[in-house]
Amino acid sequence: MSLLSVHDLAVARGGLRTVEGVTFALEAGQALILRGPNGLGKTTLLRAVAGLQAPVAGRIEMREDTVAYAAHADGLKPALTASENLAFWAQVFGGGGIDRALAAMDLTALAHRPAAALSAGQKRRLGLARLMVTARPIWVLDEPTVSLDTASVGRFAQMLAGHMAQGGAALIATHIDLGLPQARVLDLTPYRARPGTRATRPSGFNEAFA
Amino acid sequence: MSLLSVHDLAVARGGLRTVEGVTFALEAGQALILRGPNGLGKTTLLRAVAGLQAPVAGRIEMREDTVAYAAHADGLKPALTASENLAFWAQVFGGGGIDRALAAMDLTALAHRPAAALSAGQKRRLGLARLMVTARPIWVLDEPTVSLDTASVGRFAQMLAGHMAQGGAALIATHIDLGLPQARVLDLTPYRARPGTRATRPSGFNEAFA
Amino acid sequence: MSIWKYANPAQFMRTTDGLLPWLVGAAAICCTAGVVWGFLTPDDFRQGSTVKIVFLHVPAAMMAINIWVMMLIASLIWIIRRHHVSALAAKAAAPIGAVMTLIALATGAIWGQPMWGTWWEWDPRLTSFLILFLFYVGYIALWSAVEDPDSAADLTGVLCLVGSVFALLSRYAVLFWNQGLHQGASLSVQSGERMSHVYRYPLYLAMLGFFLLFLALLLIRTRTEIRRRRLAALQAREMRA
Amino acid sequence: MIALLLRDLRLATRAGGGFGLGVAFFLILSALVPFGVGPDRATLAPVAPGILWVGALLACLLSLDRLFALDHEDGSLDLLATAPLPLEGTVAIKALAHWITTGLPLVLAAPLFGVLLQLPGQAMPWLVVSLAVGTPALSMLGAFGAALTVGLRRGGLLLSLLVLPLYIPTLIFGAEITRRGAEGQATATPLLFLAGITLGVLALIPWAAAAALRVNLR
Amino acid sequence: MIALLLRDLRLATRAGGGFGLGVAFFLILSALVPFGVGPDRATLAPVAPGILWVGALLACLLSLDRLFALDHEDGSLDLLATAPLPLEGTVAIKALAHWITTGLPLVLAAPLFGVLLQLPGQAMPWLVVSLAVGTPALSMLGAFGAALTVGLRRGGLLLSLLVLPLYIPTLIFGAEITRRGAEGQATATPLLFLAGITLGVLALIPWAAAAALRVNLR
Amino acid sequence: MIDLGRYATTVLMAYGVSIALIVGLVWQTVAANARARRALEEHDRHG
Ligand code: HEM
Ligand SMILES: Nc1ncnc2c1ncn2[C@@H]1O[C@H](COP(=O)(O)OP(=O)(O)OP(=O)(O)O)[C@@H](O)[C@H]1O
Ligand SMILES: Nc1ncnc2c1ncn2[C@@H]1O[C@H](COP(=O)(O)OP(=O)(O)OP(=O)(O)O)[C@@H](O)[C@H]1O
Ligand SMILES: [Mg+2]
Ligand SMILES: [Mg+2]
């Protein structure tokens, strides 16, 4: 069975469907890159997969507690040091091994720096390192390489490759090239929801009255 | 005289100098791209040029009120619509012409949407459109194309070209390719501050005691 | 035919279209008649002409409580059955309830001036109404503060549930805290003995009038909300298209 | 769960974290009221139990403000919601952390403020007991309010508006205990009621708060 | 400048913006105090002027919290600092907007709360006058406190702690005016002092607040 | 005109305030309803 399979999914934001009819499956060791212009609905789709919002139609099939989500915001506490931040998420998710995660994103030297005193790219690296301590097989990433320099993008690609080699999978929305030759690409543009088509369930409160 | 000239500049963040000895000049119609690994001090340098923090050493020469700064945060009010947000900044800077700015970043259709209901890339586009209504010659941009799709990056490059054609200039920190062949590139890596070297003025409170 | 049919917005609009004129007429007649009749009743030997206030005060006070109960029921229907009209009805009812509470408070306060010699007394009955008013205001404020209508409906629903429990709790707490000056219920069980017929029938009429007024306003406000939602949905669709 | 509690406590003790600020606010309020009301013992003493309880309540309320808002802004709340903790547990833990950083210091420092407001000595133990029993309910109800308003910027005042009416029963019984204590009357009945309210709140409100949080995360 | 004022007022009236919430808080406070203090007229009336002024002060304070914080978080403050407005003007305008959205409604609604707290009728005009004269100083001092704490997350309580001592003179004179009004005494002297304080604050504090903002933006 | 005795102001004030509040509520309700209906019709005509 695949780790994650999505059937005929439609998601809504602000009461309107953004994309619909999306179907794909993700096996262990695979990565799928979602592309599409700004405002198409990539973030919305990823939030639905992560379980943060309910889909309007279709099914998302996976085992429980298998998804680690990384969004635009990194979930870092500015007052805690990099390693304290990481250790907290390791404990919550029961992952452990923060040293390996720090090393993977080249943060060892910054481990005792408060997160507030990190630069934009360093913060992002810490946010990505968090994925390693979740011990979850499916990574759902929303524009993960924002603010990263070339070396860090490479390190991230390496980390991702390692994750997939261990039977993990990744679903990534991005606008730029990640340097992941093995990843499939799914362009969401053709799935843009057409207004007017009536769904079985209203996609939002106001839609129930249209 | 050049629009902006920077001589032997050193800037500090968190009490430690980040880059030092930076010298460059920016003439009307030019763009300068700053590059360098994460945490080198690009953001710090840009903030100093924008007048938000004082340099530790060196001089920044330009006429007053000539800089428009666009940072990681876009300065948008979620409760106001896109056009209200823009109109506010136009009034504050006395720029005017918000319709042109909206059109330039393809936001006309979204003009009456509250900023809270824009996607990451749409917000960014609005933040960039703000530059056009400032009527300032020097644009200081910190990773402007984050979250933008390819079409929007192209639109941004076009807007920048228009700005420079009108005698403007731009100073841009970025990690990715902006598609601006005419821009000069300055790699800041060689200017990384060396801890030992003693400056004439301490770079931070604690440093005064070192 | 099930009652849930009327929760369908289109069906609701159609049904109320026919019903509304009758309801408005009946409400206008009963309200006016009740209040005017009340105004023309003879003076009470103890309270003088102030007794006329009762024909506004009591119906308003009664509706203030009943409207909250109705909101609670509507919220429950929304939370359990997800009927959108039900959530909008709860939203539409809140300002009416708040105004009714305000009328009960204002007439009470004005009445208190000659009867108790003070505008305001921390009597349990009065205090409970003040608390009820606070709940109404909080509920309305939350509706208007939350932008996403789905979230707003859910959050106000939860607030209404928790608020109801605490409104009841406050009532007992307040009774414990202070024994009051306010009269007890006179229309309850052995009503005949406590209030003469001269006052009773106009009071009944005024109560019916206030109830019909509430129903009419509720329907109109719900229809307003439905139209607003429809417009918002259509505009949003166009914007996205 | 423990990790979350420890993190919140650690955050509270870091710069600007707010540990002890509740007490400081309480102190300032107790100091301000005499300025407003006048320093006479005769006017102050009768209102002292009430003012102290209202002060405790406001100190709680002010610090609640950003209970979930900070976690929401920096994305932690999204991550916590996808973590293998039940959201009800998260809410309860965060309310507990709030109580430890705000309610508990208040309970311990209350006699001091009682002295500032000329509260009779025999009422002191009752003030402490009533606060100890009542403040957990305040924290939990506040967590509910914070969960309702988490998505809103500038939710602070709306939060107050929603939460204060919920605080009324606790306030009434708490102040009543102290007042009866000051006058040497029996305090068992209001204490029982107060304990009942606190237990009920602790048992039921986490569900309501978690539901509100889920809605706001959507 | 006008643009900034209009924007702030517009933001306040938008969803969750907080217009009128100051009044709501004031209402709730006036309603809570009797629950704590007890319902008797004899205990309430003497403390009413003080409580009302403390309440107005707290309502101001609570809504100040995020005066600059929101603009700081979303980057607007950086942009305003580089805009062709003097930062002093920005501070003054933001304080003015705060007063219009919070202080002014408070002044207008104060008699209502006076009734709740059993304030004698003859004191009402003095309550209104004293609030009208005093609240601008509260807004401006609050803006100073907000400027000092703008960089800090969870600055709310620290802000209270910093600002409350600054509020004391205003509070003393304001409450004194109302109390004298209630007792039918002459109110000219405290009114003069209060007006003096307000004028001084309005004239000088913008500079201090702008300096604090500049430091925090660095 | 009926005689209200010494409580005239009280009674009239009570009636005045209540009727003002009710009229205000009714007016707001009707106005908002008309506005919503017009906006929707406007939209149907142009959109
Ligand atoms: C200011 C706030 C007041 C509130 C919120 C209030 C509330 C109520 C309520 C809820 C009722 C309905 C009782 C029932 O039938 O179960 C009622 C009835 C009544 N109230 Fe008030 N009241 C207030 C002030 C006053 C004052 C000052 C007076 C006059 C002294 C007064 C006189 C009455 C009378 C005569 C009735 C009819 C009682 C009855 O049914 O026998 N109320 N009030
Ligand atoms: N609160 C909201 N109300 C209404 N519409 C919204 C809201 N939030 C987002 N949208 C709209 O929903 C659509 C999908 O947004 P989403 O954030 O999923 O896009 P995206 O594909 O992630 O875009 P980007 O590449 O810019 O991040 C956008 O058109 C956006 O304008
Ligand atoms: N508050 C602070 N205290 C101490 N050091 C800090 C603080 N903020 C940033 N730094 C450090 O200052 C250096 C420069 O940061 P800056 O944000 O200018 O980098 P940058 O070049 O913009 O990086 P990026 O490409 O990641 O955005 C970094 O090494 C960072 O860790
Ligand atoms: Mg996105
Ligand atoms: Mg940077």
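Note: hydrogens, waters and symmetry copies are ignored here, and every other heavy atom, side chains too, is used. In what follows, chains are A, B, ... by sequence order, proteins preceding strands, each numbered from 1.
For D:Leu204, no part lies near chain C; criterion is any non-hydrogen pair under 4.5 Å. The contact between D:Val201 and chain C is made entirely by side chain atoms (from C-beta outward), counting heavy-atom distances below 4.5 Å. With a 4.5 angstrom heavy-atom cutoff, D:Ile172 touches chain C only via side-chain atoms. In this structure, no portion of D:Leu164 lies under 4.5 Å from any heavy atom of chain C. With a threshold of 4.5 angstrom between heavy atoms, D:Leu141 approaches chain C through side-chain atoms but not through N, CA, C or O. For D:Arg214, no part sits under 4.5 Å from any heavy atom of chain C, backbone or side chain.
Taking both residues in full, the closest heavy atoms of C:Gly138 and D:Leu162 are given as O-CD2, 3.4 Å, listed atom of the first, atom of the second, then distance. Across every non-hydrogen atom of D:Leu166 and C:Gly163, the tightest pair is CD2-CA, 4.5 Å. Closest of all the heavy-atom pairs between D:Leu158 and C:Ala141 is CD1-CB, 3.6 Å. Nearest heavy atoms, D:Pro165 versus C:Ser170: O-OG, 4.4 Å. Among all heavy-atom pairs drawn from C:Val162 and D:Ala208, the shortest one is CG2-CB, 4.0 Å.
Enclosure of atom CZ in D:Phe193 is not indicated, since only 12 or fewer non-hydrogen atoms of other residues, nucleotides or ligands lie within 6.0 angstrom.
Side-chain contact check for C:Phe166 versus D:Ile168: every heavy-atom pair is 4.5 Å or farther apart. The side-chain heavy atoms of D:Leu148 and C:Leu159, taken from C-beta on, include a pair separated by under 4.5 Å.
Annotation: maximal heavy-atom pairing with chain D below 4.5 Å, among C:Val165, C:Thr156, C:Leu161, C:Leu169, occurs at C:Leu169. Put simply, of C:Leu142, C:Ile131, C:Leu134, the one with the most heavy-atom pairs under 4.5 Å next to chain D is C:Leu142.
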